[in-house]
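The block underneath contains the structure these notes are about, expressed in structure tokens.
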Number of protein chains: 2
Amino acid sequence: MQPIASARVVDVVRDQLRSAILAGELAPGSRLSVPELARQLGVSRSPVREAVLLLVGEGLAVEQSRRGVEVARLELSDVLELYELRITLESLAAHHAAERMTQTDLAALRGVLDAQGAAAVGDARSFRELDMRFHEIVSQTCGNTRLARHAALLAREMRLAGPLMVNEPWHLRRSHEEHRTIERALRQRDGPAAENAMRDHLSRVCQSVRHHHNSTL
Amino acid sequence: MQPIASARVVDVVRDQLRSAILAGELAPGSRLSVPELARQLGVSRSPVREAVLLLVGEGLAVEQSRRGVEVARLELSDVLELYELRITLESLAAHHAAERMTQTDLAALRGVLDAQGAAAVGDARSFRELDMRFHEIVSQTCGNTRLARHAALLAREMRLAGPLMVNEPWHLRRSHEEHRTIERALRQRDGPAAENAMRDHLSRVCQSVRHHHNSTL
DNA sequence: AGGTAGAGTGTTACATGTAGAACCCAAGAA
DNA sequence: TTCTTGGGTTCTACATGTAACACTCTACCT
């Protein structure tokens, strides 16, 4: 029996808005009009306003003074900032995760990777979803709740950078191989190896994004 | 001419509540009743409610489902979590700051350290304040806005740990010396040295907190 | 005594009211 | 034609209303 979580309207609205933003239905730059969203969702403005505020706190939206809130727009520089932070935080998380992951966690991780191996052939959309899940599992099992929370925030924020990401199949396959390397280190409970593998992985992806951007200018 | 920032009620309330919490006027565990605070501050409940939500987002308060919000209580384990994150984030920030600080920044830093040297003789309260400022300057000048933001959040959250901190004069003096070492590296634009000095400093303080806690049990 | 029902108080969470500001667009002045 | 001006619309930010819920304390029953 898990405690019946709060079925608060504000939570539902927040989750819906977040999903819509991350799915691209609310594109970066879209204005988030509280009355409009309240009408569409069939609730009053109060919970919508709070939900929008929470999204601002998560970095998924930004408020311009007196002109409302819009979905955050990420430049290349923002993505590089995010990668730099993810590199440090997630490699630290991987180190600890190697020493703390349960068999259940490892099984879940392998399941995600198997599914990702299948998606790597061409389904970039579900590949990204599974990539997210992979990193989330590692961060969540590191034992430091704040580290997990901040890493999750950064990973989510990065998903706003859709068009800047590299989606070529060979790139997805390479990412997947690196995930396998990380998973191997985690399974062997080799903290330093997991840390290095995670750092190498994210660093390489960051470099790819940078070069991809330069070459598609 | 700087843009006349939003004189929004919610911002004023948030700042006041934050100050009150960090100053200990609202002790950890205190309930933050929205109607009560609204009465005391002479404003309506809406901006107070939003301000309280923002503080939850900053980690300074926690909400129990359906039972309102209270000022966060930090255990030793929370402080250790925070230090681990600060160690990685702030040492990274120090590395970059070494390469980017302007003469103005360095002058400000030195000013803070001079004042701190005077406070180290026994005024733990202002010493902590200046310590905060020192770390803030380094983080803010690292060039990565998100890194700066997250580091600031962590440093603030840590101030809730008042009684767990070590306030012996010899400890303050040692911290001050380490600050000087960091500042020297920054002034010489030696990124790796600044990074190591910052890591050593925060690691040592973290160890002191741990030992202090064990010995005062 | 020990447990419980129930009134009374205070709060949260959501709904709604509204002044003032920002934006849009069309009509008129230079 | 370009700039300004004024009306109309929409929004934000704050204020207020209220149902449902949680806590407290007392009085009652066993």
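Just so it is clear, the values below take in all heavy atoms, side chains as well, and ignore hydrogens, waters and symmetry mates. Naming convention: chains lettered A, B, ... in sequence-line order (proteins, then strands); numbering from 1 in each chain.
- Toward the 5' end of DNA chain C, the nearer of the two residues R31(B) and E50(A), judged by each one's closest nucleotide, is R31(B).
- Comparing atom distances between the R67(B) side chain and each of dA22(D), dC14(C), dT12(D) picks out dA22(D) as nearest.
- For R49(B) and dA13(C), the shortest distance from a side-chain N or O to OP1 or OP2 is below 4.0 Å.
- By the 30° and 60° cut-offs, the orientation of the rings of H135(B) relative to H179(B) is perpendicular.
- Between the P atom of dT12(C) and the CD atom of E36(B) lies a distance of 11 Å, rounded to the nearest Å.
- dT11(C) atom P lies 17 Å from atom CG of L53(B), rounded to whole Å.
- Nearest nucleotide to the S46(B) side chain, out of dC14(D), dA15(D), dA22(D): dA15(D).
- The distance from atom CZ of R14(B) to atom P of dC14(D) is 11 Å, rounded to the nearest whole Å.
- For R39(A), the listed nucleotide lying nearest its side chain is dC11(D); candidates were dT11(C), dT12(D), dC11(D).
- When rounded to the nearest whole Å, the span between CD of E70(B) and C1' of dT11(C) equals 15 Å.
- At a threshold of 4.0 angstrom between heavy atoms, the contacts of L32(A) are confined to the sugar-phosphate backbone, with no base atom among them.
- The pair R156(A)-E136(A) does not meet the salt-bridge criterion, since no charged nitrogen lies less than 4.0 angstrom from a carboxylate oxygen.
- Side-chain atoms of S44(B) lie closest to dT16(D) of the nucleotides dT16(D), dC14(C), dT11(C).
- Environment of CZ in R133(B): sparse, with no more than 12 heavy atoms of neighbouring residues, nucleotides or ligands closer than 6.0 Å.
- Without hydrogens or angle criteria, H176(B) side chain to L113(B) main chain gives a donor-acceptor distance under 3.5 Å.
- Taking atom CG of D11(B) as the reference point, atom P of dA13(D) lies 9 Å away to the nearest angstrom.
- Taking the side chain of R45(B) as heavy atoms from C-beta on, and the options dG17(D), dC14(C), dA22(C), the nearest nucleotide is dG17(D).
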